[in-house]
Number of protein chains: 2
Amino acid sequence: MITNKRATILEAAKRTFSLFGYKGTSVAHVAKLAGVGKGTIYTEFKHKEEMLEAVMDDFLHDLGAIFERVKHEDERSVLKLHRALYDTLQYRKEHQLLIHLTEEVSVHGTKEAVSAMQKVEDFIMTSLERAIAQGVEKGRLQVNDTEITAFTIYKLYIAFIVDWEEKKRPLTEEELFQVFENHIFNGIVIR
Amino acid sequence: MITNKRATILEAAKRTFSLFGYKGTSVAHVAKLAGVGKGTIYTEFKHKEEMLEAVMDDFLHDLGAIFERVKHEDERSVLKLHRALYDTLQYRKEHQLLIHLTEEVSVHGTKEAVSAMQKVEDFIMTSLERAIAQGVEKGRLQVNDTEITAFTIYKLYIAFIVDWEEKKRPLTEEELFQVFENHIFNGIVIR
DNA sequence: AAATGACCGAAATATTAAAACGGTCATTTT
DNA sequence: AAAATGACCGTTTTAATATTTCGGTCATTT
C-alpha cells in the first residue's frame with residue numbers, strides 16, 4: 001500500500017464530516033470514500049467518535065498555527081492579540097466542519113459534537129489566556145485574573161462577530177479593533 | 001362585577017405563562033383560572049399572542065421602574081449603570097416567566113416567545129443606551145457610539161451571568177462589578 | 001348586550017412499522 | 001498467519017399513521 005492506511009481513512013472522515021456533519025456521516029460512507037471495508041476502520045479507530053476526535057486534533061493543530069504565526073509578528077501586544085483572535089474566529093466561522101458541528105450542537109445537541117466544539121472553545125480560550133499572560137509579563141497589560149480577562153475578550157468577539165452581524169452591518173476588522181481598543185484596553189471612563 | 005374583567009384575565013395569564021410558558025399554556029386553562037368562559041377571553045384579546053403582549057408590557061413597565069429608581073440615586077455614573085443592569089438581570093433571572101420564555105426560544109423557537117424576548121432585549125438595550133448617553137453628557141464617559149457601548153456591556157453581563165456560571169463559580173455582585181470596572185471602564189492597558 | 005362552551009379545522013403528540021445505523025466477527029483474501 | 005471484509009445483530013432514527021389537544025368561532029344561553 002502506497003499511502004498510509006490511517007491517514008487515508010482520516011482524510012475521508014474529514015471530508016465527509018465537513019460535508020455532512022457528524023450525525024449525517026455514516027461509518028459505511030467513510031469506508032467507501034476511503035476505499036476500504038467497514039471492518040478495516042475499526043482496526044484503526046475504536047469507534048466513530050474516535051475518528052472525530054482525530055479529525056479535531058488535526059484541526060486544532062491548524063488553529064494553533066494561527067496563534068503561533070501572529071506571535072512572531074513585530075507589533076504591539078494589543079494588536080497581536082486582536083489579529084490572532086480575529087483570524088481564529090474568522091477561520092472558525094468559515095470552516096465547513098465547524099459550521100456543521102455548531103449547527104448540530106444547537107439543533108440536535110449531539111453529544112459528540114458538543115464535546116468537539118467544547119474542545120475548540122477551550123483551545124481558543126487557552127491560547128488567548130497564554131497571549132494575555134505574555135502581555136502581563138512584558139508589563140503591557142494589568143490583569144487580575146487572566147482567565148476572566150480571556151473569557152471577557154472571547155465572549156465579546158463572539159458577540160460582535162456573531163450576534164451583532166445578525167442585526168447590524170458587520171464591522172470591518174479595523175472597526176472591531178477600535179471597539180476593543182476603546183472598551184477593553186483603554187476603558188471608557190474619562191480621567 | 002367587583003374586579004376589572006381584563007385585569008382578572010391578565011393576572012391569570014401572567015400566572016399560567018409564568019408556570020408553564022407560552023406554549024405550555026392553553027387558553028382554556030387561563031379561562032378556568034380566571035373563572036370565565038373561553039369565549040370571554042376573546043372579547044378582551046384578539047388572540048393568545050395579544051395576551052402575552054399585554055403581560056410583557058406590564059413586565060417591561062416594572063423593568064423601567066428599576067432604571068428609573070437607580071437613576072435618581074446619588075452615585076458615580078459607573079456604579080449607577082452597574083446597579084441598574086445588575087438589578088435588571090437579577091430580576092430577570094428570578095422571574096419564572098422570562099426563564100420559561102428563554103427556554104422556549106432556545107428549545108422550540110416559538111415565534112411568539114422569540115418576539116417577546118426580543119422586546120425585553122430591546123428595552124434593556126435602550127435603557128442602557130440612555131444611561132450611557134447621560135454619562136457622556138455629564139462628561140464622565142467617552143464613547144464613540146452609544147449603541148455599540150450598550151451592546152458591549154449588555155452582552156458581557158449576559159455572558160457572565162449565564163455562560164460563566166455554567167462552568168465556574170458564580171461571581172458575587174462585587175466581583176462582577178470589579179470585572180466591569182477593570183475591563184470596560186478603566187481598561188487593561190498600562191499607560 | 002354580554003357571556004358561554006360545544007364545535008371546527010389545524011397543529012401537536014403518541015403509536016406503530018420500517019429503515020438505517022454503529023459495531024462485531026466468521027469468513028475470505030493476501 | 002495476518003489483515004481485510006461485508007453479512008449480520010441489536011439498537012436507534014426516521015417515516016407513516018392514528019389520536020389528542022389546541023386556538024379560535026359563533027349559535028345559544030344568561
Side-chain angles (χ1 to χ4, degrees), chain A residues 1-14 16-17 19-55 100-101 103-116, chain B residues 1-17 19-56 100-101 103-116:
Chain A
M1 190 189 284
I2 233 172
T3 53
N4 182 265
K5 186 179 39 156
R6 186 186 168 89
T8 307
I9 295 172
L10 212 55
E11 177 59 31
K14 196 184 205 167
T16 51
F17 285 151
L19 281 171
F20 311 109
Y22 181 79
K23 213 168 106 79
T25 292
S26 75
V27 176
H29 193 168
V30 175
K32 180 166 271 177
L33 186 64
V36 299
K38 193 162 59 137
T40 309
I41 286 187
Y42 288 87
T43 67
E44 288 292 334
F45 302 94
K46 253 207 283 298
H47 31 242
K48 190 184 171 189
E49 184 172 8
E50 209 175 270
M51 269 200 301
L52 178 63
E53 282 165 6
V55 168
H100 277 119
L101 288 180
E103 187 180 313
E104 232 171 278
V105 168
S106 78
V107 176
H108 302 103
T110 325
K111 72 176 199 303
E112 293 88 341
V114 169
S115 123
Chain B
M1 189 187 287
I2 232 172
T3 53
N4 181 266
K5 186 178 37 152
R6 186 185 168 89
T8 308
I9 295 172
L10 212 53
E11 177 59 30
K14 196 183 204 166
R15 287 266 291 277
T16 50
F17 285 150
L19 282 172
F20 311 108
Y22 180 79
K23 215 170 104 78
T25 292
S26 75
V27 177
H29 194 168
V30 175
K32 178 166 273 178
L33 186 64
V36 300
K38 191 157 61 130
T40 309
I41 287 187
Y42 288 88
T43 66
E44 289 292 334
F45 302 94
K46 251 207 285 299
H47 30 242
K48 191 185 170 188
E49 183 171 8
E50 209 175 89
M51 267 201 301
L52 178 62
E53 280 164 7
V55 168
M56 292 310 290
H100 276 119
L101 288 181
E103 187 178 315
E104 230 170 281
V105 168
S106 76
V107 176
H108 302 102
T110 325
K111 72 175 200 305
E112 292 89 340
V114 169
S115 123

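To find a chain, count down the sequence lines: A is the first, B the second, and so on, and within it residues start at 1. Worth saying up front: this structure is predicted, and the values here are computed from it rather than measured.
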Rounded distance in Å - CZ (B:Phe45) to P (D:dT25): 15 Å
Nearest non-hydrogen partners of A:Leu101 and A:Ala116, listed with the distance: CD1-CB, 4.2 Å
Sidechain-backbone polar pair: A:Glu44 side chain, A:Ile9 backbone, donor-acceptor under 3.5 Å: no
Base-contact (B) and sugar-phosphate-only (S) positions in nucleotides 6-16 of chain D, heavy-atom cut-off under 4.0 Å, - elsewhere: BB-----SS--
Side-chain touch A:Thr16/A:Leu33, heavy atoms, less than 4.5 angstrom: yes
Euclidean distance, atom OH of residue B:Tyr22 to atom P of C:dA12 [Å, nearest integer]: 12 Å
Nearest-angstrom distance from the residue atom CE of A:Met51 to P of C:dC21: 13 Å
Gap between atoms CD and P, on B:Glu112 and D:dC22 respectively (whole Å): 15 Å
Presence of B:Lys5 side-chain N/O under 4.0 Å of C:dA2 phosphate oxygens OP1/OP2: no
Opposite nucleotide pairing with D:dT29, Watson-Crick or G-U, both atom distances under 3.5 Å: C:dA2
Nearest-Å distance for atom pair NZ/P, residues B:Lys111 and D:dG23: 12 Å
Rounded interatomic separation in angstrom, taking NZ from A:Lys48 and C1' from C:dT24: 17 Å
Rounded distance (Å) that lies between atom P of C:dA2 and atom CD1 of B:Ile41: 18 Å
Whole angstrom value for the distance that separates C1' of D:dG23 from NE2 of B:His29: 16 Å
Nearest heavy atoms of A:Val114 and A:Gly109, plus distance in Å: CG2-O, 3.9 Å
For A:Val27 against A:Lys38, the heavy-atom pair lying closest together: CG1-CG, 3.8 Å
Pairs under 3.5 angstrom only: tabulate donor-acceptor contacts from the side chains of residues 46-54 of chain B to other protein residues two or more places apart or in another chain.
| unit_1 | atom_1 | unit_2 | atom_2 | d |
| --- | --- | --- | --- | --- |
| B:Lys48 | NZ | B:Tyr22 | O | 2.9 |
| B:Lys48 | NZ | B:Thr25 | O | 2.8 |
| B:Glu50 | OE1 | B:Lys46 | N | 3.2 |

